[in-house]
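Notes follow the structure.
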Amino acid sequence: MAKVLCVLYDDPVDGYPTTYARDDLPRIERYPSGQTLPTPSAVDFTPGHLLGSVSGELGLRKFLESQGHTLVVTSDKDTADSTFDRELVDADVVISQPFWPAYLTAERMAKAKNLKLAITAGIGSDHVDLDAAIQHGVTVAEVTYCNSISVAEHVVMMILSLVRNYLPSHKWVLDGGWNIADCVARSYDVEGMHVGTVASGRIGLAVLRRLAPFDVHLHYTDRHRLPEEVERELNVTFHPSAADMVPFCDVVTINAPLHPETEGLFDDEMLASMKRGAYLINTARARIADRDAVVRALESGQLAGYAGDVWFPQPAPADHPWRTMPHHGMTPHISGSSLSAQARYAAGTREILEAWFAGTPIRDEYLIVDRGKLAGTGAHSYSVTR
Ligand code: NDP
C-alpha cells in the first residue's frame, strides 16, 4: 500500500468555505485541441468547491483510503525540518501544485528512497529536478491543459489592466477620490498596439486568439511554427527568437516553460532592446525574467508595467522587490487555480493515480518523465542538462 504525500496551500484565513459565490461550473467536454478533460472513474468532490487548499485535499482522501493507501496532507514545506521533509522519507507518491510547489530537489530526492511518482496537480513540473527524477527512476506527471485557458484569461486581464491603468484607478476609488487626471495620465488603448508572445503553445495560442478581436497586431516566437492556416487566420507574424521579436512589441507576454533555454531570458540586455514604455506580462515562470533587471527597467521607465503571477521562490518573501516595484500588477500564483481549474486538475490527479495503482499507462500527454527519460509532453516541451 502506498503513502501519498500531498502538499497544498493553506485554507483561507477565515476558514474553509461553507458557501460559494456561484452554484455551478459551465460544462466543458474538451479542450481547444480536442483533448478530452480528465476521465477518472469517479470523483468524491463537488466541482466548484475549493480543492487546492489543505482541507480540500484535492478530493482524494476517500478514494485513497478506501484502497488502503495512506494520505498525508500538509502546507508546511519550506521551514527547516518541515512536515514535507519529514514525511517525504518514506513517501511513495508526492503531489503538489505549482502555486505552492513542493520543491523536489536532487538532495530531497536522494533521501526519498521509496519515491516513485511525482504529480503536479496543474501544469509546470520545474519544481521537480527532472535530471534527478531521471536518475532515480521517478515518474513525473502533470495534468496537461487543465488550466491553460484559465492562465490565458489571466494574461488578457493583466494586459488590459496594465495598459488601461486599472489597478491605480481602482485604488483612487477605494481611497474616496475622483482623481481623473491621476488615473488617466498612464492610461492607453490596447487597440493598434503590437502584442507578442514568447511561445505559442496551449496558453500562448489561446492568448493570441483572445486578443485578436481587440484589433491589435499579433506577433509570436516559438521553437516550432504554428500551422500556416492559423498564422493566416490570426494574421500573426512569426519571429525566429524572442530577441528578434521584442523590439517590435508594445506588449510582450511570456508563455514558455522554464528550462535551461529560457532561464534568465529577460535580462538587462533583452529588456533594453524592448520599446521604451513596453509592458511585460509573465505568467509562465518567474526565473525566465531576471528579478532585479525587471525592477531596474520599471524604475528607469524602460518598462511601463510588469504583471504576472509567478515568483521565485513561492511563496514570495515579504521583502521580495516585486511586491513594491513601481507600476506592477502582480498577483500571487493564482491564474491556474481558479475553482474551475481546480475541478479539472483534481480529477486529472485522480486519473493519474488510478492508472498508477492499476498498473495501466498514464496518458502520454500527462507524462513528463517516465522510465528514466523525458517522455510524452515532457519529451516535447522540456530539456535536461545532462
Ligand atoms: P505548452 O507546452 O503547450 O507550450 C509551451 C510552448 O513553449 C511550446 O510551443 C514550446 O515549443 C515553446 N517553447 C519552449 N521553449 C521555448 C523557447 N526557448 N522559446 C520559445 N518557445 C519555446 O505549454 P503551456 O502553454 O500549457 O504552458 C506554458 C507554460 O506556462 C508552462 O510551461 C508553465 O511554466 C506555465 N504555466 C503557468 C501557469 C500558472 O498558473 N501561471 C499554469 C500553467 C502553465 P515546442 O513546441 O517546440 O516545445
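Nothing fancy with the numbering, it's 1 onward along the sequence. Each ligand, and each atom within it, is numbered from 1 in the order the structure gives. Note that these values count all heavy atoms, side chains included, but never hydrogens, waters or copies made by symmetry.
The closest side-chain donor-acceptor pair between Ser53 and Asp11 falls under 3.5 angstrom.
Asp364 places none of its side-chain heavy atoms less than 4.5 Å from the side chain of His380. With contacts defined as side-chain heavy-atom distances shorter than 4.5 Å, the pair Leu60/Ile95 qualifies.
A salt bridge is absent between Glu263 and Arg285: the closest approach of a Lys/Arg side-chain nitrogen to an acidic carboxylate oxygen does not fall below 4.0 angstrom.
For the atom pair Ser125 OG and Tyr366 OH, the distance stands at 13.0 Å (nearest 0.5 Å).
The side-chain tip of Arg350 points at the ring of Phe63 from less than 6.0 angstrom away and within 45° of straight on.
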Just list the N/O pairs, ligand 1 to protein, that are under 3.5 Å apart, with the distance for each.
| unit_1 | atom_1 | unit_2 | atom_2 | d |
| --- | --- | --- | --- | --- |
| ligand 1 | 2 (O) | Arg202 | NH2 | 3.1 |
| ligand 1 | 2 (O) | Ser381 | OG | 3.1 |
| ligand 1 | 3 (O) | Arg202 | N | 2.8 |
| ligand 1 | 3 (O) | Arg202 | NE | 3.2 |
| ligand 1 | 3 (O) | Arg202 | NH2 | 3.1 |
| ligand 1 | 9 (O) | Asp222 | OD1 | 3.2 |
| ligand 1 | 9 (O) | Asp222 | OD2 | 2.7 |
| ligand 1 | 11 (O) | Asp222 | OD1 | 2.9 |
| ligand 1 | 15 (N) | His259 | NE2 | 3.0 |
| ligand 1 | 18 (N) | Glu261 | OE1 | 2.9 |
| ligand 1 | 25 (O) | Arg202 | N | 3.2 |
| ligand 1 | 25 (O) | Ile203 | N | 2.8 |
| ligand 1 | 26 (O) | Arg202 | NE | 3.3 |
| ligand 1 | 40 (O) | His333 | NE2 | 2.9 |
| ligand 1 | 40 (O) | Ser335 | OG | 3.3 |
| ligand 1 | 40 (O) | Gly336 | N | 3.4 |
| ligand 1 | 41 (N) | Thr283 | O | 2.8 |
| ligand 1 | 41 (N) | Asp309 | OD1 | 3.2 |
| ligand 1 | 41 (N) | Asp309 | OD2 | 3.3 |
| ligand 1 | 41 (N) | His333 | NE2 | 3.2 |
| ligand 1 | 41 (N) | Ser335 | OG | 3.1 |
| ligand 1 | 46 (O) | His224 | ND1 | 3.0 |
| ligand 1 | 46 (O) | His380 | NE2 | 2.8 |
| ligand 1 | 47 (O) | Arg223 | NE | 3.2 |
| ligand 1 | 47 (O) | His224 | ND1 | 2.3 |
| ligand 1 | 48 (O) | Arg223 | NH2 | 3.2 |
| ligand 1 | 48 (O) | His380 | O | 3.1 |
| ligand 1 | 48 (O) | His380 | NE2 | 3.3 |

